[in-house]
Amino acid sequence: MTMQPASTEITSRTAAIIQELKGLEGPLLPILHGIQEEFGHVPQDALPVIAEALNISKAEVHGVVTFYHDYRSHPAGRHVLKLCQAEACQSMGSDAIAAKLKQLLGIGFHETARDGSVTLEPVYCLGLCACAPSAMLDGEVIGRLDDEKLDEIVAEVRS
Amino acid sequence: MIPRIYIPGDSGALALGAEKVAKAIEKELADRGIEAKIVRNGSRGAYFLEPMVEVATTDKGRVAYGPVKPSDVKSLFDSGFLTGGHHKRWLGAPDKIPFLARQTRLTFARCGLINPLSLDHYKAHGGLKGLQNAVAMAPAEIVKQVAESGLRGRGGAGFPTGIKWKTVLDTTADKKYIVCNADEGDSATFADRMIMEGDPFVLIEGMAIAGVATGATKGFVYIRSEYPHAVAMMQKAVDVAREAGLLGVNVLGSPNAFDMEIRVGAGAYVCGEETSLLNSLEGKRGVVRAKPPLPAIQGLFGKPTVINNVISLASVPIIMDKGAAFYKDFGMGRSRGTIPIQIAGNVRYGGLFEAAFGMTLGEIVDDIGGGTATGRPVKAVQVGGPLGAYFPRALFDTPFDYEAFAARDGLIGHAGITVFDDTADMLKQARFAMEFCAIESCGKCTPCRIGSTRGVETIDKIARGIEPEKQIELVTDLCNTMKFGSLCALGGFTPYPVMSAINHFRDDFKPAPVAEAAE
Ligand SMILES: Cc1cc2nc3c(=O)[nH]c(=O)nc-3n(C[C@H](O)[C@H](O)[C@H](O)COP(=O)(O)O)c2cc1C
Ligand code: SF4
Ligand code: FES
Ligand code: FES
C-alpha cells in the first residue's frame with residue numbers, strides 16, 4: 001500500500017502549491033492538478049486549505065473535485081492504464097480487448113490490483129482513433145492494441 | 001550538408017512506435033559514425049503509414065519511408081535511405097502519396113512538414129503573414145475579412161466565426177478574452193491534437209489575430225488532459241512565441257497587447273461545451289450555463305469572450321494571408337473553405353484528410369479510406385462523434401456540407417468519421433450512446449441526466465426481447481423529450497446516434513432468435 005502522508009504534511013505541501021498558483025486567473029483547476037501530481041490523488045485534508053486560501057466554501061471545493069473524472073480520492077496503483085472505450089476503438093474490438101485485459105490483470109475498470117501494481121480505467125478517446133484500439137500507460141500512448149501488445153503491457157506493469 | 005531525418009513526434013506516430021524508431025536510427029547513426037540532424041516533426045496525418053520517416057535529400061527533395069519498424073532501420077541504412085535509396089518501405093515524395101496528394105491543405109499546410117517549434121521554419125513556410133497583415137489593419141476590417149471568408153466554427157455547431165468576433169468587437173469592456181476550445185472529446189477526432197502537436201504556431205497566430213480583431217488581450221487554450229503531448233508542445237510554443245515578441249505587450253512590434261496561457265481540463269467530456277468550459281476555466285464545476293447571455297457578451301469572468309475551436313482559429317491565418325475570397329472559393333453551398341476530415345475506426349487508410357467541403361461520404365469512406373481494415377463490408381459510419389448519426393451505405397451520396405447532413409438527420413460535428421464493418425451491432429451502439437450521455441451529463445437537465453439512464457435500461461429490454469416494439473416506441477418518445485428538453489447538445493443530440501441506429505438498422509433491434517434459443 002502507498003503510504004498516506006500525515007495531515008500536517010498535506011497541509012504544508014498543499015499550501016506551497018497554492019502559493020505558487022494562486023495568482024492565476026481561475027486558479028482552482030491548476031491547483032487541483034498540482035495537488036494530484038504531488039500526492040497522486042486529492043486528499044480530503046487538502047480541501048479546507050484550498051477553500052481558505054481561495055476564500056470559497058469547502059463544499060464548493062468538494063463539488064468541483066467530484067465533478068471531474070480526473071481527480072482521485074484515493075491513490076492509484078504504481079501504474080495507471082487507461083483503455084479507450086469510445087466508438088472508433090469499439091469498431092476495432094476494444095470491448096474484447098477490455099475483457100481480455102481485465103482477465104489478465106484480475107481487476108475491473110476503476111479498480112487497482114491487490115499488489116498495488118496497476119489501476120485500470122476506461123477513457124473516452126485519446127485522439128488515436130486512426131490507430132485503434134488504443135491505450136495510455138502512465139502517459140505513454142499505445143495504438144493498434146493486439147494480444148502481443150497486451151502481454152507486453154501486463155509484463156511491464158507487473159515488473 | 002549534413003543529412004536531415006524527419007521522425008514524427010506526433011502522439012499518433014508515437015503510439016505506433018515512432019520513439020523506438022528514433023532510438024534505432026540514432027543508434028545506427030552512432031554505430032556507423034554518420035552525422036545527421038534528426039527533426040521531430042508533426043504527422044502528415046496518413047496514420048496507416050506511420051511511423052513515416054522522411055529524409056531531406058539534395059537532389060530528390062523529401063523522400064518518405066513507412067511504416068518503419070525498428071527492425072527496418074539497419075536495412076534502411078544499407079539501402080542508402082539518407083540519399084533516398086530504394087527499400088521495401090520506400091514511399092517516394094510525400095506530396096505524391098495519393099492520400100496526401102489528393103488533399104487541399106490550407107489549415108494543415110505545414111503540419112508534418114516543419115519542426116513544430118521552429119519559428120524560422122514556420123515563417124519560411126508562409127507563417128506570420130496573416131498576423132502581419134492584421135496588425136496593419138483596423139479591427140473592423142479584420143472581422144470583415146473573417147466574416148467574408150465564410151468560415152464557420154469547426155467545433156461542431158458551424159456558427160459563423162465573423163459574427164461571433166463582431167459581437168465581441170462591438171461590446172465595450174475593460175477586458176476581453178480569446179478562449180480556444182481544445183477539449184476535442186469526440187471519438188474519431190484528432191485534428192486539434194495534430195495541429196497543436198505539429199504546427200502550434202498557427203494556433204497561436206490565429207488567437208493573436210482574434211485578439212487584435214476584437215480588442216482582447218488575453219487568451220486561454222483549454223486542452224483536455226488526455227492530450228499530454230499536445231499540452232507540452234503548446235506550452236513550449238507559447239514560450240518561444242513570447243520570447244520572439246509574437247506575444248506580449250507589443251504583438252509583432254505593434255501597439256496591440258496579447259498574451260496567452262495553456263490550461264488543462266480534468267476529464268469531463270461536457271467541458272467541450274463552450275459555457276461549461278468557461279465555468280471550468282473559472283475553477284467551477286463544468287456545468288452548462290443557460291444562454292443568453294452569450295459568451296461573446298458575458299463570457300469568461302463575465303467579460304466579452306470569443307470562444308472558438310482550435311481549427312476555426314488555426315484557419316484564420318491563411319484567410320488573413322491570402323484573403324477572404326481565396327478561402328471562400330473552396331467549398332459548396334454555405335459550407336466554405338476546407339475541412340479536416342478525420343477518417344477513423346475500422347478503416348484501411350485511416351488519417352486526416354483536409355479537403356474542400358462537398359465530397360460525398362462514399363468517396364471519403366470507400367475511395368480515400370479504402371473501406372474497412374478488416375476487409376469486411378462497411379455496415380455503418382458514425383459522422384460527428386458520439387452525438388452524431390450512424391449512416392448506412394444507402395446515404396453515402398450525402399455531400400460533406402453542414403446543411404446536407406442536417407437534411408438527413410445527421411451532423412458533421414468536428415468532422416470525425418468512424419467506420420464499422422458488418423460485425424457491428426447497432427443496438428449496442430445505440431445503448432452506448434445513451435450510456436455515454438449518462439456518464440458525461442453535467443446533471444443540469446432531467447431529460448439528459450435521468451433520461452439517458454432510462455434509455456440504457458429500455459434498450460437492454462429490447463436486447464432481451466421484452467416487447468421490443470413497445471420499447472422502441474418508448475425510446476423514440478424519450479429521444480424526443482431529450483431533443484427538445486435539454487439545455488445543451490449532449491442531451492439534445494444523443495438522440496441522433498440512437499434514432500439513426502434504430503431507423504437505419506432496424507434488424508439489429510429485433511430479438512435474435514439464436515440468442516433466445518440458447519437462453
Ligand atoms: C457536449 C458538447 C461537447 C462539445 N465539445 C467540443 C469540443 O471538444 N471542442 C469544440 O471545439 N467544441 C465543442 N463543442 C461545441 C462548443 O460548445 C462550441 O460550439 C464551440 O467551441 C464553438 O467554437 P467554434 O464556433 O469555433 O466551433 C461541444 C458542444 C457540446 C454540447
Ligand atoms: S443536456 Fe445534459 S450536459 Fe447539457 S446542460 Fe443539460 S444536463 Fe448538462
Ligand atoms: S476512440 Fe479510441 S482513441 Fe479515439
Ligand atoms: S433546462 Fe434542463 S430540463 Fe429544462
Side-chain angles (χ1 to χ4, degrees), chain A residues 21 24-34 36-37 42 50 54 56 60-72 82 84-95 121-145 149, chain B residues 11-12 14-16 45 47-48 50 184-190 192-194 218 225-230 261 263-269 280-287 300-301 342-347 350-352 373 382 385-386 416 418-421 424 428-429 432 436 439-440 442:
Chain A
L21 298 168
L24 295 174
E25 293 176 85
L28 186 50
L29 259 67
I31 288 174
L32 291 172
H33 279 315
Q36 173 136 316
E37 199 171 294
V42 179
I50 303 171
L54 299 187
I56 51 182
E60 197 171 338
V61 181
H62 180 261
V64 172
V65 173
T66 51
F67 182 86
Y68 296 96
H69 299 304
D70 278 2
Y71 300 126
R72 303 173 195 287
K82 299 185 183 207
C84 181
Q85 296 289 287
E87 290 89 337
C89 287
Q90 291 166 12
S91 78
M92 288 299 279
S94 60
D95 282 5
E121 290 175 347
V123 63
Y124 297 96
C125 196
L126 293 164
L128 307 170
C129 332
C131 19
S134 69
M136 187 179 263
L137 177 60
D138 304 326
E140 295 291 327
V141 283
I142 310 165
R144 293 203 196 117
L145 285 173
K149 287 189 185 166
Chain B
S11 39
L14 294 178
L16 298 172
Y47 283 109
F48 55 99
E50 291 289 2
E184 194 162 62
D186 291 358
S187 167
T189 67
F190 43 85
D192 299 352
R193 177 185 65 65
M194 267 183 65
K218 179 77 184 274
S225 60
E226 292 84 349
Y227 282 0
H229 297 84
E261 258 179 58
R263 288 292 172 90
V264 182
Y269 174 75
S280 185
L281 269 178
E282 290 181 11
K284 300 180 179 142
R285 292 164 68 90
V287 174
L300 189 61
F301 303 110
Q342 299 129 85
I343 313 172
N346 191 339
V347 67
L352 180 133
Q382 185 179 30
T418 302
V419 182
F420 290 83
D421 74 11
K428 205 169 147 191
Q429 296 311 123
F432 176 76
F436 185 72
I439 296 171
E440 300 296 341
C442 86

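Reminder, nothing fancy here: chain letters follow the sequence lines and each chain counts from 1.
Atom CG of A:Leu24 sits about 11.0 Å away from atom CG of B:Leu281, to the nearest 0.5 Å. Note that CG of B:Asn346 and CD of A:Gln90 are 12.5 Å apart. Values are rounded to the nearest 0.5 Å. In this structure, B:Glu226 CD and A:Asp70 CG are separated by 6.0 Å, a value rounded to the nearest 0.5 Å. Rounded to the nearest 0.5 angstrom, B:Tyr47 OH and A:Cys129 SG are separated by 9.5 Å. Once rounded to the nearest 0.5 Å, the distance linking NE2 of A:His69 with CD1 of B:Ile439 reads 7.0 Å.
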Acceptor/donor pairs from residues 132-142 of chain A side chains to any protein atom, 3.5 angstrom cut, sequence neighbours excluded:
from, atom 1, to, atom 2, distance (Å)
A:Asp138, OD1, A:Val80, N, 2.7
A:Asp138, OD2, A:His79, ND1, 2.6

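For B:Arg263 (side chain) and A:Gly26 (main-chain N/O), a donor-acceptor pair under 3.5 Å exists by modelled atom type. No donor-acceptor pair closer than 3.5 Å links the side chain of B:Ser187 to the backbone N or O of A:Cys125.
Using a cutoff of 4.0 Å between basic side-chain nitrogens and carboxylate oxygens, A:Glu25 and B:Lys218 are scored as salt-bridged.
Using a 4.5 Å cut-off between heavy atoms, B:Gln342 does not touch chain A at all. Heavy-atom distances place the backbone of B:Val419, and not its side chain, under 4.5 Å from chain A. With a threshold of 4.5 angstrom between heavy atoms, B:Ala373 approaches chain A through side-chain atoms but not through N, CA, C or O. Heavy-atom distances place the backbone of B:Asp186, and not its side chain, under 4.5 Å from chain A. In this structure, the portion of B:Thr189 lying under 4.5 Å from any heavy atom of chain A is its backbone and not its side chain.
The shortest heavy-atom contact between B:Ala268 and A:Tyr68 is CB-CD2, 4.0 Å. Closest heavy-atom contact between B:Arg285 and A:Gly63: NH1-O, 2.7 Å. Residues B:Gly345 and A:Ser91 share a closest heavy-atom pair of CA-OG, 3.1 Å. The heavy-atom pair separating B:Gly351 from A:Ala130 by the smallest distance is N-CB, 3.8 Å.
Under the 30°/60° scheme for interplanar angles, the aromatic rings of A:Tyr124 and B:Phe436 are found to stand perpendicular.
By number of non-hydrogen pairs under 4.5 angstrom with chain A, the leading residue of B:His229, B:Glu184, B:Arg193 is B:Arg193. Ranked by non-hydrogen atom pairs under 4.5 Å with chain B, the options A:Val123, A:Asp95, A:Val64, A:Leu28 are led by A:Val64. Your options are B:Gly265, B:Ala424, B:Gly12, and the one with the most heavy-atom pairs under 4.5 Å with chain A is B:Gly265.
The number of heavy atoms from other shown groups lying within 6.0 Å of NZ (A:Lys149) is above 12.
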